[in-house]
Amino acid sequence: SKLNGISDSHLSLDYYKKTCPSVEGIVRKEMECACLSDPRNAALILRLHFHDCFVQGCDGSVLLDDTVTLKGEKNAPNNKNALKGFKIIDRIKNRIESECPGTVSCADILTIAARDAVLLVGGPYWDVPLGRKDSKKAGYELTDTNLPTADEGLISIISKFISQGLSVTDMVALSGAHTIGKARCVNFRNRIYGDFKMTSTSYINPISSSYLTKLKSLCPPIEINGSSDNNETSMDNITPNLFDNSYYHVLLKGEGLINSDQQLYSSFLGIQTKKIVEKYATNTIAFFEQFAESMVKMGNITNPETYVNGEVRKSCRFVNT
């Protein structure tokens, strides 16, 4: 099937039509419960999917726990303390296993769950191509090379997206996922004690100035025995629990929480990215359409090895024995 200009013969929209027709209904129901109990769960699942796809493709590798013989991705420096939401996936997996045992891969579950997460907090809907297999291996080292970080330069981040087959437009649209979710102090400390004052209007604008003061009280300049590193605050301080385009408004005001976000608009290298940020800030529909398209594209990054020797895991945390 031709999906989004990427031909991936393994994936199709009706992959489970005969073998597990209720799969999407089960995921939706569980995600509804998760997002009702805490809207933040939407962001956690979306981030999990992203961290999965950028390491070995969307193959469920991020879900594997460490074992004696397997070094998983959860404790890699870029993922440690950054990923949550695993129990939600466990819950969905258990429900699906009792309905259609040994049929639906964890990689597919995570992909559907990420789509529902976005939809349930006000974002766009898209059809999810299915048929991924779960990897028996994890990519501990690859988390370091493949995943963008908060203080990385714009060109470096763009190259990480391009090496995954994603464009600059995809990158700016997918960054819009930061309209939900939070960042930890360890990831915004350099920004608020660095060029936040230069990009924002905090020196003349009392509202912006008090926002910066609030951030600094949450995140002191010097770490004292690890106490504040994991303090969190919303990346979109306007509507933190709603999937909308206000993230881009935050960037226009120069108040992006982390360096990698604000650079999309403020970096002198970001001539192309700046235009896209402006477009999405004024046009929610354009942002939603591109976000949906880019999510399908990202979800189509597959791990070719899994079609040779992948599997459908019984538990998303462990390779089948």
Side-chain angles (χ1 to χ4, degrees), residues 6 43 46-59 61-62 73-83 138-179 181-200 219 229 235-236 247-248 250-252 254-281 287 290-291 293-295 297-301 303:
I6 296 176
L46 187 54
R47 178 180 283 167
L48 264 190
H49 179 49
F50 173 75
H51 282 239
D52 184 27
C53 294
F54 266 54
V55 177
Q56 303 184 160
C58 316
D59 61 355
S61 59
V62 76
E73 294 163 25
K74 292 180 182 180
N75 290 311
N78 269 350
N79 283 341
K80 207 174 170 54
N81 300 323
L83 298 181
Y140 182 94
E141 284 79 17
L142 288 174
T143 57
D144 208 28
T145 42
N146 294 12
L147 291 166
T149 58
D151 289 316
E152 203 167 334
L154 183 66
I155 299 305
S156 174
I157 291 177
I158 288 173
S159 73
K160 285 183 176 180
F161 275 78
I162 286 173
S163 68
Q164 298 287 351
L166 299 167
S167 67
V168 173
T169 303
D170 292 321
M171 187 217 28
V172 180
L174 291 170
S175 298
H178 287 171
T179 178
K182 299 183 173 185
R184 293 177 298 141
C185 160
V186 69
N187 288 325
F188 63 83
R189 183 180 278 125
N190 289 346
R191 165 89 174 119
I192 60 172
Y193 294 101
D195 66 359
F196 191 97
K197 270 204 162 89
M198 280 168 9
T199 60
S200 74
C219 185
D229 266 0
M235 288 182 270
D236 164 6
Y247 161 84
Y248 298 103
V250 171
L251 299 186
L252 294 188
E255 291 180 10
L257 183 64
I258 55 177
N259 277 317
S260 57
D261 282 341
Q262 192 56 47
Q263 283 190 30
L264 298 178
Y265 185 69
S266 301
S267 168
F268 68 96
L269 299 165
I271 299 151
Q272 191 184 354
T273 59
K274 185 175 180 153
K275 282 201 182 87
I276 305 170
V277 168
E278 286 166 348
K279 178 181 171 181
Y280 296 159
F287 165 49
Q290 186 58 55
F291 185 82
E293 193 179 306
S294 298
M295 282 296 288
K297 213 167 147 186
M298 183 178 86
N300 288 353
I301 305 170
N303 176 351

Non-hydrogen atoms of [X] and [Y] that approach each other most closely:
| X | Y | value |
| --- | --- | --- |
| R184 | D229 | CB-O, 3.6 Å |
| P148 | F54 | CD-CD2, 4.3 Å |
| L166 | S294 | CD2-O, 4.5 Å |
| T199 | S266 | CG2-OG, 3.8 Å |
| M298 | F50 | SD-CD1, 3.5 Å |
| C58 | H49 | SG-CE1, 4.2 Å |

Can you find a pair of side-chain heavy atoms, one from [X] and one from [Y], that are under 4.5 Å apart?
| X | Y | answer |
| --- | --- | --- |
| Q290 | D170 | yes |
| I192 | C219 | yes |
| F188 | D261 | no |
| S260 | E152 | no |
| H178 | D236 | no |
| Y248 | K279 | no |
| L264 | M171 | yes |
| T273 | Y265 | no |

Would you give the length of the straight line joining atom [atom1] of [X] to atom [atom2] of [Y], rounded to the nearest 0.5 angstrom?
| X | Y | atom1 | atom2 | result |
| --- | --- | --- | --- | --- |
| E293 | T169 | CD | OG1 | 9.5 Å |
| T149 | I157 | OG1 | CD1 | 6.0 Å |
| L257 | M235 | CG | CE | 7.5 Å |
| C53 | N146 | SG | CG | 12.0 Å |
| F291 | S175 | CZ | OG | 9.5 Å |
| Q263 | L251 | CD | CG | 11.0 Å |

Please list, chain by chain and in numerical order, all residues satisfying side-chain contact (heavy atoms from CB on, under 4.5 Å) with [X], sequence neighbours excluded.
| X | answer |
| --- | --- |
| Q56 | D59, S61, E73, S135, K137, L142, N303 |
| I155 | L269 |
| S159 | none |

- Query: For the residue pair F287 and Y280, does the interplanar ring angle fall in the parallel (under 30°), tilted (30 to 60°) or perpendicular (over 60°) class?
  - Reply: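 Correct class here is tilted.
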- Test log, rule side chain to side chain contact (heavy atoms under 4.5 Å, CB included), inputs N259 and D195: CA-CA 9 Å; N259 277 317; D195 66 359; 3.6 Å; yes
- Message: For the backbone of L147 and the side chain of K160, can you confirm whether one donor and one acceptor N or O come within less than 3.5 Å of each other?
- Response: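 Yes: the side chain of K160 pairs with the backbone of L147.
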- Item | Side-chain donor/acceptor of R47 to backbone N/O of A82, under 3.5 Å |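 Answer holds: yes.
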- May I have the step-by-step check of side chain to side chain contact (heavy atoms under 4.5 Å, CB included) for V55 and V62, ending in yes or no? CA-CA 8 Å; V55 177; V62 76; over 6 Å; no
- Message: If only side-chain N and O atoms count, and only distance matters, is there a donor-acceptor pair under 3.5 Å linking K74 with N79?
- Response: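 Side-chain D/A pair, N79 to K74: absent.
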